[in-house]
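Basis for what follows: all heavy atoms, side chains included, without hydrogens, waters or symmetry-related copies.
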Amino acid sequence: MPKYQATLLIELKEGILDPQGRAVEGVLRSLGHPVEAVRVGKVLEIVFPAETLLEAEEKAKAMGNLLANPVMEVFTLEALKELP
């Protein structure tokens, strides 16, 4: 069965306080980088079997829905590729 690699990006929804992002923002500014805003998220790379690219996409989206907290987070399927 073919293997696929999905890259999921999980971020806080707009309007949700991001204390980790604020801390990184403060550090960057104190080091002389004039940043306007920083948001911190998670990147997950998941390798799994699937019969087709369509099935792999469906599985990746299902995993994103399970891993992201729907109250505070959104996920994006950033990349999906078949592995050799």
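Residues passing the side chain to side chain contact (heavy atoms under 4.5 Å, CB included) test with Glu14: none are found, sequence neighbours excluded. Listed by chain and number, the residues in a side chain to side chain contact (heavy atoms under 4.5 Å, CB included) with Ile16 are Leu12, Lys13, Met72 (sequence neighbours excluded). Remark: Glu55 pairs with Lys59 by the salt bridge (charged side-chain N to carboxylate O under 4.0 Å, His left out) rule, at least two apart or across chains.
Sorted by first and then second residue, the pairs that involve residues 28-53 and meet salt bridge (charged side-chain N to carboxylate O under 4.0 Å, His left out), not counting sequence neighbours, are Glu25-Arg29, Lys42-Glu73.
In the displayed structure, Glu78 atom CD is contacted under 6.0 Å by more than 12 heavy atoms of other residues, nucleotides or ligands.
Residue Leu9 belongs to a hydrophobic cluster whose other members are Val43, with links defined by side-chain heavy atoms closer than 4.5 Å.
To the nearest 0.5 angstrom, Lys81 atom NZ is 13.5 Å from Leu53 atom CG. Considering CZ of Phe75 and CD1 of Ile10, their distance stands at 8.0 Å, rounded to 0.5 Å. Of the inter-residue distances, the one linking Asp18 atom CG with Glu11 atom CD reads 9.5 Å to the nearest 0.5 angstrom.
Looking only at distances, no side-chain donor or acceptor of Tyr4 sits under 3.5 Å from a matching main-chain atom of Leu80.
Pairing each heavy atom of Ala6 with each of Leu77, the nearest pair is CB-CD1, 4.0 Å.
Side-chain contact between Ile46 and Leu8: present, with at least one pair of heavy atoms (C-beta onward) separated by less than 4.5 Å.
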Name every donor-acceptor pair, under 3.5 Å, that has one atom in a side chain of residues 62-70 and the other anywhere in the protein, sequence neighbours excluded.
unit_1, atom_1, unit_2, atom_2, d
Asn65, ND2, Lys61, O, 3.3
Asn69, OD1, Val71, N, 2.9

Exercise. Could you please spell out the steps behind the side chain to side chain contact (heavy atoms under 4.5 Å, CB included) verdict for Val27 and Val24?
Key: CA-CA 5 Å; Val27 168; Val24 172; 5.7 Å; no
